[in-house]
2 protein chains.
Amino acid sequence: MKVDVSEIKCIDEKTVEEVKSLMLSDEEIFTISDNFKVLGDPTRIRILYALTQKELCVCDLAAVLQMSQSAISHQLRLMRSKKMVKYRKDGKMAYYSLADEHVIKFVEMGVEHAKEIQ
Amino acid sequence: MKVDVSEIKCIDEKTVEEVKSLMLSDEEIFTISDNFKVLGDPTRIRILYALTQKELCVCDLAAVLQMSQSAISHQLRLMRSKKMVKYRKDGKMAYYSLADEHVIKFVEMGVEHAKEIQ
DNA sequence: CTTTCATATGAATACATGTTCATTTATACA
DNA sequence: TGTATAAATGAACATGTATTCATATGAAAG
């Protein structure tokens, strides 16, 4: 990262210091972008949207999305680690659902916004 | 994509058909995930968050984030194309700001959620 | 115990993407 | 007109990541 601020002449020092002081910590920034990153993939959005309708097992999700069990399972693992989905085991099956209201809200907002901008 | 649904025995046909019929179109899915994808990068979140404070020119943003003018400019271009930021030209300078209330809302929600989960 | 089936997972691959570097465009001003 | 500065852009490179393939785990049924 080559940053030689001294070579830039147009900087409004006061503004920069003011905004800098209001910035979030790196940790907060990473948490925020990491959460959005999970929502930034079509397969994961399809999984999450399907789960807003109903609790589903891995093979049902695979059938709904017409994708391999493995691909779905990998994505579910990622979303489990990011606390976006939870699951319960019933024999051989694993039933997945959305982790909490936040996730529902994010998906709803995404759908709503997409419909508005066409 | 190898999908041989006929080999999977555990599928609940009724559930699958029901959820399938409720699914969004590919276009809607891509629009949604594409929007979230923009928010899924720490640099872009930092830019957007800075812009929630104040309209800023490219070099001020570079100074605030301690990054190169080029890196910032590339990201701004992407966010312009996704209609997340807008800008006005004033001489040599280009002043950027958030495109609309939706963007502010998304950023706010991201921050809020991140603070809640620590 | 063995087989079958649902799910999980590790490694490999193919593709996407963020930053840098070099350069161009456009405006201000001397 | 020529120089300096802010911003934009294209290409290249390095890194990240989604899916596939092969295989492992674990539960149910025979």
Side-chain angles (χ1 to χ4, degrees), chain A residues 1-12 15-16 29-30 33-34 36-48 55-63 65-82 85-96, chain B residues 1-12 15-16 29-30 33-34 36-47 55-82 85-96:
Chain A
M1 217 193 288
K2 194 175 94 182
V3 183
D4 192 349
V5 174
S6 64
E7 277 184 12
I8 308 175
K9 314 283 174 62
C10 66
I11 293 170
D12 180 338
T15 295
V16 169
I29 292 290
F30 277 106
S33 58
D34 248 46
F36 282 127
K37 196 173 290 185
V38 177
L39 301 168
D41 174 82
T43 299
R44 289 192 290 267
I45 286 291
R46 291 206 294 157
I47 292 173
L48 293 174
E55 175 194 63
L56 292 166
C57 68
V58 179
C59 68
D60 282 351
L61 276 169
L65 306 203
Q66 293 281 306
M67 288 180 65
S68 71
Q69 173 269 323
S70 180
I72 302 290
S73 190
H74 276 293
Q75 295 296 3
L76 287 169
R77 187 158 103 109
L78 175 71
M79 293 197 280
R80 255 186 289 143
S81 78
K82 303 291 182 183
V85 299
K86 62 184 183 210
Y87 76 116
R88 65 179 178 86
K89 272 271 195 174
D90 182 9
K92 287 183 280 190
M93 321 280 277
Y95 288 95
Y96 281 83
Chain B
M1 218 194 290
K2 195 176 95 181
V3 182
D4 192 350
V5 175
S6 64
E7 276 183 13
I8 309 173
K9 313 283 173 62
C10 66
I11 292 170
D12 180 338
T15 294
V16 169
I29 292 289
F30 276 106
S33 57
D34 248 46
F36 282 126
K37 195 174 290 183
V38 177
L39 302 167
D41 175 81
T43 298
R44 289 193 290 270
I45 286 291
R46 292 206 293 159
I47 292 174
E55 175 193 64
L56 292 167
C57 68
V58 179
C59 68
D60 282 351
L61 276 168
V64 169
L65 307 203
Q66 292 281 304
M67 289 180 64
S68 71
Q69 172 270 324
S70 181
I72 302 290
S73 191
H74 276 293
Q75 296 296 2
L76 287 169
R77 187 158 101 109
L78 174 72
M79 292 197 281
R80 256 186 288 142
S81 77
K82 302 291 183 183
V85 299
K86 61 185 183 209
Y87 76 117
R88 66 180 179 86
K89 271 272 194 173
D90 182 10
K92 285 183 280 190
M93 322 279 277
Y95 288 95
Y96 281 83

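In what follows, chains are A, B, ... by sequence order, proteins preceding strands, each numbered from 1. FYI, side chains are in, hydrogens and waters are out, and symmetry mates aren't considered; it's all heavy atoms of this structure.
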| task | By nearest nucleotide on DNA chain C, pick out whichever of Arg80(A) and Met93(A) is the more 5' one. | result | Met93(A)
Rounded to whole Å, how long is the line connecting atom [atom1] of [X] with atom [atom2] of [N]?
| X | N | atom1 | atom2 | result |
| --- | --- | --- | --- | --- |
| Asp60(A) | dC5(C) | CG | P | 17 Å |
| Gln66(B) | dT19(C) | CD | C1' | 16 Å |
| Tyr95(B) | dA8(D) | OH | P | 13 Å |
| Lys86(B) | dA7(D) | NZ | P | 18 Å |
| Arg88(B) | dA8(D) | CZ | C1' | 18 Å |
| Leu61(B) | dA8(D) | CG | P | 11 Å |
| Tyr87(B) | dA26(C) | OH | P | 11 Å |
| Asp12(A) | dT5(D) | CG | P | 18 Å |

| query | Reckon Tyr96(B) has a side-chain N or O less than 4.0 Å from the OP1 or OP2 of dA8(D)? | reply | yes
| message | I want to check one thing: is the phosphate of dG10(D), taken as OP1 and OP2, less than 4.0 Å away from some side-chain N or O of Arg77(B)? | response | yes
| Can you check whether Ile45(B) reaches Phe36(A) side chain to side chain, under 4.5 Å on heavy atoms? | yes
| With a 4.5 Å limit on heavy-atom distance, are the side chains of Lys37(A) and Lys82(A) in contact? | no
For the residue pair [X] and [Y], what are the closest heavy atoms and their distance?
| X | Y | answer |
| --- | --- | --- |
| Val85(A) | Leu76(A) | CG2-O, 3.9 Å |
| Asp41(A) | Thr43(A) | OD2-N, 3.0 Å |
| Ile11(B) | Ala63(A) | CD1-CB, 3.6 Å |

| Matching residue for Ile72(A) among Asp60(A), Leu56(A), Leu61(A) - test: side chain to side chain contact (heavy atoms under 4.5 Å, CB included) | Leu61(A)
| said: Here's a test for you: under side chain to side chain contact (heavy atoms under 4.5 Å, CB included), which of Arg80(B), His74(B), Gln75(B) qualifies with Leu78(B)? | reply: Gln75(B)
Look at the side chain of [X] and decide which nucleotide, out of [options], has an atom nearest to it.
| X | options | answer |
| --- | --- | --- |
| Ser70(A) | dA7(D), dA22(D), dT9(D) | dA22(D) |
| Ala94(B) | dA8(C), dA7(D), dA6(C) | dA7(D) |
| His74(B) | dA8(C), dC21(C), dC21(D) | dC21(C) |

| Stepwise disulfide bond (SG atoms under 2.5 Å apart) test for Cys57(A) and Cys10(B) | CA-CA 9 Å; Cys57(A) 68; Cys10(B) 66; 4.8 Å; no
| query | Are the side chain of Ser33(B) and the backbone N or O of Ile29(B) linked by a donor-acceptor pair below 3.5 Å? | reply | yes
| field | side chain to side chain contact (heavy atoms under 4.5 Å, CB included) between Leu39(A) and Leu39(B), worked out | value | CA-CA 9 Å; Leu39(A) 301 168; Leu39(B) 302 167; over 6 Å; no
Collect all protein-nucleotide pairs involving nucleotides 26-29 of chain D in which both atoms are nitrogen or oxygen and the distance is under 3.5 Å.
none

Check nucleotides 16-18 of chain C for protein N or O atoms closer than 3.5 Å to its own N or O atoms and list the pairs.
| residue | atom | partner | partner atom | Å |
| --- | --- | --- | --- | --- |
| dG18(C) | OP1 | Arg44(B) | NH1 | 3.3 |
| dG18(C) | OP1 | Arg44(B) | NH2 | 3.0 |
| dG18(C) | OP2 | Arg44(B) | NH1 | 3.0 |

| request: Indicate, yes or no, whether a donor-acceptor pair under 3.5 Å links the base of dA6(C) to the side chain of Gln69(A). | output: no
